[in-house]
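One structure below.
Counting starts at 1 for both ligands and their atoms, following the listed order. Quick caveat, the model's predicted, so the values are computed rather than measured.
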Amino acid sequence: MLFEIDKNSDFSIHNVPFGIFSTENSQKRLGTAIGDKVLDLKGLAELGFFNALDIPLSVFGNDYLNNFIGLGKTKTNSVRTLIQSLFQSDRLKEYPHLWYHLKDVKLHLPVYSRDYTDFYSSQEHATNVGRMFRDPANALLPNWKHLPVAYHGRASSLVGTEVGIYRPKGQVLPKGAQQPVFKATERLDFELETAFIIGKDSEQGSPVSTAEAEDYIFGMVLLNDWSARDIQQWEYVPLGPFAGKNFATSVSSWVVTMEALEPFRVRGPVQDPEVLPYLMYEGNKNFDIRLQVSIRDQGGIKTEICRSNFKYMYWNMAQQLAHHTVNGCNVATGDLMGSGTISGPEKDSFGSMLELTWNGTQPLTLNDQSERSFLLDDDTVCMTGYAEKEGVRVGFGELSNTVLSAKG
Ligand code: MN
């Protein structure tokens, strides 16, 4: 082994995720994270380490992972397993210039997403929202257990970690008022989500079945679907989310491959009523991925406010993709598919401030004793996630973004 990896590192040798980084002296390029270090894959390719795989050098010097992902799983996974074996040998010892400390590099949005879709697939989240905003007795709408509800998000405002999020302004209907006012949102929220990244193009008119779906999924990231609840509540009828959502969505830096997540498959919840045949699936399609959210306040003090798990999802990724394409809609390499807010059954497992504070009525107390109903300027939302089983840990690193005061 080239160097020791901390046993609590998200980037064990079992992971080998892919991302885009730059340094003071080098432009964007592909890298992987191992332990607390980044390995320069462009540099490794230039030394000929991937020659046997017949991959164009240019792929490793791109601004996004798309062309690399487009090589197909056989090649991308060969790169991953080759890196694993190189790390376990001595062959990289003479190339210290290929390694950087994670803290010394700038991480970028890993993929160019032509399209971004956000699902709504956590039963706990949909039930909580339905109870707050509609009828507590009929919290889930009649369609919810028959199809994975989703909307088309906005790809232009996808950002990476460390990018500041300006508090949005918009139309809000004050309580009891007849007329809306224009103001900066007072109910800025995060949504704890994961997303999967499409690994190959599908053809318009040709649905992707649940059995084929995993061939089309390259890997996963963490996703924060920033939401302005007051803007959302006034605008969403009848067509759903728009200005309350489309100002920013942030995406974690390292794409964890489905191969790395393979050991963490678990059975999903029983779906009752039975789904239509095109949504039926075989095998374990949920994944046991532990998720956490913390708020770091202006003073730098961090408070963990949520612990959830991706395994709670009612609809799995294969069903989401099958439903997305069953009408002939095509998907493209790099497209991003958000899970929807991942809430668990317990109060401290709810994946948004909306739920954690029950629409602002039960504020959270942070470790510095300040209270939060929704996010304040200068709050940093930090999301982390990892899977762990029998001493093997595979994680995503941290997605963190700070709220900036409204512009203008
Ligand atoms: Mn969402």
Side-chain angles (χ1 to χ4, degrees), residues 109 113 115-134 139-141 143-144 147-161 165 168 170 185 187-198 220-237 239-252 289 291-293 305-306 308-310 312-317 319-321 323-324 335-344 349-357 359 374-375 381-383 385 396 399 401 403:
L109 197 60
S113 303
D115 276 307
Y116 151 52
T117 298
D118 197 25
F119 284 87
Y120 189 58
S121 290
S122 152
Q123 184 174 347
E124 289 80 2
H125 173 68
T127 304
N128 286 338
V129 173
R131 281 174 62 194
M132 266 182 267
F133 289 135
R134 288 185 301 269
L140 286 184
L141 288 168
N143 60 4
W144 200 88
L147 57 89
V149 170
Y151 68 97
H152 283 295
R154 182 77 189 168
S156 68
S157 51
L158 293 170
V159 294
T161 191
I165 306 296
T185 177
R187 301 196 155 214
L188 184 61
D189 201 354
F190 64 84
E191 288 191 340
L192 168 63
E193 304 194 17
T194 61
F196 65 87
I197 287 167
I198 294 294
M220 292 179 66
V221 288
L222 302 175
L223 183 142
N224 183 349
D225 178 20
W226 296 87
S227 301
R229 301 301 181 189
D230 40 9
I231 297 173
Q232 183 185 357
Q233 200 169 0
W234 167 235
E235 76 174 356
Y236 86 102
V237 184
L239 282 186
F242 189 57
K245 296 273 194 180
N246 67 9
F247 57 95
T249 305
S250 48
V251 175
S252 62
I289 301 173
L291 303 163
Q292 302 84 26
V293 184
I305 56 167
C306 162
S308 189
N309 196 307
F310 185 53
Y312 297 134
M313 300 306 284
Y314 188 84
W315 297 101
N316 61 54
M317 296 183 284
Q319 292 179 308
Q320 290 172 336
L321 187 55
H323 182 66
H324 202 311
D335 283 0
L336 195 67
M337 305 286 175
S339 58
T341 307
I342 303 169
S343 294
S349 65
F350 294 168
S352 64
M353 295 291 277
L354 177 72
E355 294 161 273
L356 288 164
T357 70
N359 202 14
F374 289 92
L375 297 168
V381 177
C382 307
M383 294 184 173
F396 294 84
L399 170 61
N401 302 86
V403 176

Near the Mn ion (ligand 1), meaning under 2.8 Å, how many protein N/O/S atoms are there?
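There are 4 of them.
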Quick one: side-chain contact (heavy atoms from CB on, under 4.5 Å) partners of Phe242, sequence neighbours excluded?
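If we apply the side-chain contact (heavy atoms from CB on, under 4.5 Å) test to Phe242, skipping adjacent residues, the hits are Glu235, Asn246.
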What residues form a side chain to side chain donor-acceptor pair (under 3.5 Å) with Ser343, not counting sequence neighbours?
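Partners of Ser343 by the side chain to side chain donor-acceptor pair (under 3.5 Å) criterion, ordered by chain and then number, come out as Glu355.
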Taking all atoms of both residues into account, what is the closest heavy-atom pair of Ala150 and Phe119, and its distance?
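Taking Ala150 first and Phe119 second, the nearest heavy atoms are CB-CD2, 3.5 Å.
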Please name the pair of heavy atoms, one in Ser122 and one in Met313, separated by the smallest distance, quoted to 0.1 Å.
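Nearest heavy atoms, Ser122 then Met313: N-CE, 3.8 Å.
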By salt bridge (Lys or Arg N to Asp or Glu O under 4.0 Å) - contacts of Asp189 (at least two apart)
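Partners of Asp189 under the salt bridge (Lys or Arg N to Asp or Glu O under 4.0 Å) test: Arg229.
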If the plane angle is over 60° it's perpendicular, under 30° parallel, otherwise tilted; pick one for His152 and His324.
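Answer is perpendicular, since the angle exceeds 60°.
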